[in-house]
Amino acid sequence: MGKGRLEAFTDAIIPIIMTVLVLELQTPHRYSWEGLWEMRQELLTYAISFFLLAIVWGNHHHMFQVVKRINGNVIWANTLLVFFLSFIPFATSIVNDDPNSLFGSQLYTLLFICINLAWNFLRVALLHADKHNDVLVGSLKHEPKSLITLGAFIIVFLLSFVWHEFGMIGTFLVMMIWLMPYKRIENAFHNF
C-alpha cells in the first residue's frame, strides 16, 4: 500500500486544524494596541498551539520521507494521531476561557500525552509495516525521544497541580525537543 494518500490526508487535516484554531480567536474589544494587549493570553495560547501543530506536522513529514510501505494499522494509527490533534483548538479554547483553571491546564497537557501515545503507536505500526526498510528501522526502532517526551509530559502534568500555568508552558517546552527531527533520519539522508 502506498503512503501518498495518507500523507496528503494528514497534510490537509493539520492546516484545517490550524484554521479552526485561528477562527476561535475573538477580535479585540477595542481596536487599539491596548485592546490587543488585553488579548495577550489568548494570543499566546494561540501561538503555542499553532507552533505545536507545526512541530507535529514537520516531524510527521520528516518521518514519512523514509517510509516505503504502509498497511491498515498505519492508517488507523495515523487516524488516531489526527483525532487527538483535532482537539487542540478545543483545549486551547478552554485554556483561553479561564486562564487560571487547573482543569484547562491539565486538559491541555493530557491531550499532548494522548498525542504522544498516538505518535508512538504510529511509529510502532510503521516499523511493523515496513520492517525491511533498514533506514526506517535503524531510525525509529530504538528512538528514545518519544519515550522521554512522554515522561516529561507526565512530569509537567504532575507539576501543574502545584503551578497550574506550567501545564501549557511546560508542554510547549517539552515539545521544543522536537524542533530537530529524528537525528538518525537526518544522518541517513546525508549518507545517500
Side-chain angles (χ1 to χ4, degrees), residues 5-29 35-64 74-123 125 145-147 149-179:
R5 290 188 67 200
L6 182 71
E7 286 180 292
F9 173 76
T10 306
D11 286 349
I13 295 296
I14 292 178
I16 290 170
I17 296 168
M18 290 172 157
T19 302
V20 169
L21 190 63
V22 76
L23 291 175
E24 291 288 319
L25 280 176
Q26 302 297 316
T27 56
H29 295 297
L36 206 55
W37 178 251
E38 290 170 0
M39 293 182 59
R40 66 189 176 278
Q41 175 71 35
E42 292 87 354
L43 293 171
L44 178 62
T45 57
Y46 163 76
I48 288 172
S49 294
F50 183 91
F51 285 109
L52 292 179
L53 280 164
I55 288 169
V56 172
W57 174 80
N59 279 278
H60 186 276
H61 172 71
H62 190 260
M63 181 169 61
F64 269 82
V74 171
I75 292 170
W76 282 110
N78 194 77
T79 301
L80 185 65
L81 175 65
V82 171
F83 171 76
F84 285 120
L85 290 173
S86 72
F87 278 100
I88 290 178
F90 174 73
T92 303
S93 179
I94 289 173
V95 170
N96 279 338
D97 283 347
D98 186 1
N100 297 316
S101 165
L102 174 63
F103 170 73
S105 176
Q106 290 182 332
L107 177 67
Y108 198 85
T109 305
L110 278 174
L111 177 59
F112 273 86
I113 289 171
C114 292
I115 289 168
N116 181 265
L117 290 171
W119 181 270
N120 279 301
F121 181 44
L122 176 60
R123 185 176 60 84
K145 188 168 22 175
S146 298
L147 296 175
T149 303
L150 179 61
F153 280 148
I154 291 169
I155 290 169
V156 168
F157 178 79
L158 294 173
L159 284 175
S160 69
F161 280 103
V162 179
W163 180 29
H164 80 275
E165 294 93 350
F166 189 66
M168 191 170 214
I169 295 166
T171 300
F172 181 74
L173 293 173
V174 170
M175 284 299 290
M176 291 300 101
I177 297 170
W178 291 90
L179 276 177

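Counting from 1, the numbers follow the sequence of the chain as shown. None of these values were measured; they are calculated from a predicted model.
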May I have the step-by-step check of side-chain contact (heavy atoms from CB on, under 4.5 Å) for M176 and I55, ending in yes or no?
CA-CA 8 Å; M176 291 300 101; I55 288 169; 3.6 Å; yes

Across all chains, not counting sequence neighbours, the ring-ring contact (aromatic ring centres under 6.0 Å, His included) partners of W57 are H61

With side-chain contact (heavy atoms from CB on, under 4.5 Å) as the test, would you mind laying out the steps for L117 and F84 before giving the verdict?
CA-CA 10 Å; L117 290 171; F84 285 120; over 6 Å; no

Side-chain touch L43/L25, heavy atoms, less than 4.5 angstrom:
yes

Please walk me through it: do L122 and L80 pass side-chain contact (heavy atoms from CB on, under 4.5 Å)?
CA-CA 9 Å; L122 176 60; L80 185 65; over 6 Å; no

CD1 of I154 to CG of L158, rounded to nearest 0.5 Å, is 7.5 Å

Would you name the heavy atoms of M175 and L52 that are closest together and state the gap between them?
CB-CD2, 3.2 Å

Please determine whether the number of non-hydrogen atoms from other residues, nucleotides or ligands lying under 6.0 Å from atom CZ of F90 exceeds 12.
no

Could you give the side-chain donor-acceptor pairs of residues 101-115 under 3.5 Å, partners two or more places apart or in another chain?
residue : atom : partner : partner atom : Å
S101    : OG   : F103    : N            : 3.2
S101    : OG   : G104    : N            : 3.0
S105    : OG   : H164    : O            : 2.3
S105    : OG   : G167    : N            : 3.3
Q106    : NE2  : S160    : OG           : 3.3
Y108    : OH   : S49     : OG           : 2.7
T109    : OG1  : S105    : O            : 3.3
T109    : OG1  : G167    : O            : 3.1
T109    : OG1  : T171    : OG1          : 3.2

Apply side chain to side chain donor-acceptor pair (under 3.5 Å) to E24 and list each qualifying residue two or more places apart in sequence or on a separate chain.
none

Contacts of E165 that satisfy side chain to side chain donor-acceptor pair (under 3.5 Å) - sequence neighbours left out
W163

Counting C-beta onward and ignoring hydrogens, is there a side-chain heavy-atom pair between T149 and K145 closer than 4.5 Å?
yes

Residues which pass side chain to side chain donor-acceptor pair (under 3.5 Å) with W76, listed by chain and number, not counting sequence neighbours:
none

For the backbone of P89 and the side chain of S93, can you confirm whether one donor and one acceptor N or O come within less than 3.5 Å of each other?
no

Looking at N120 and L147, would you say the former's side chain and the latter's main chain have a donor-acceptor pair under 3.5 Å?
no

Quick one: list whatever passes side chain to side chain donor-acceptor pair (under 3.5 Å) with N78, sequence neighbours left out.
T10, H60

For Q26 versus M39, what's the shortest heavy-atom pair and its separation?
O-CE, 2.9 Å

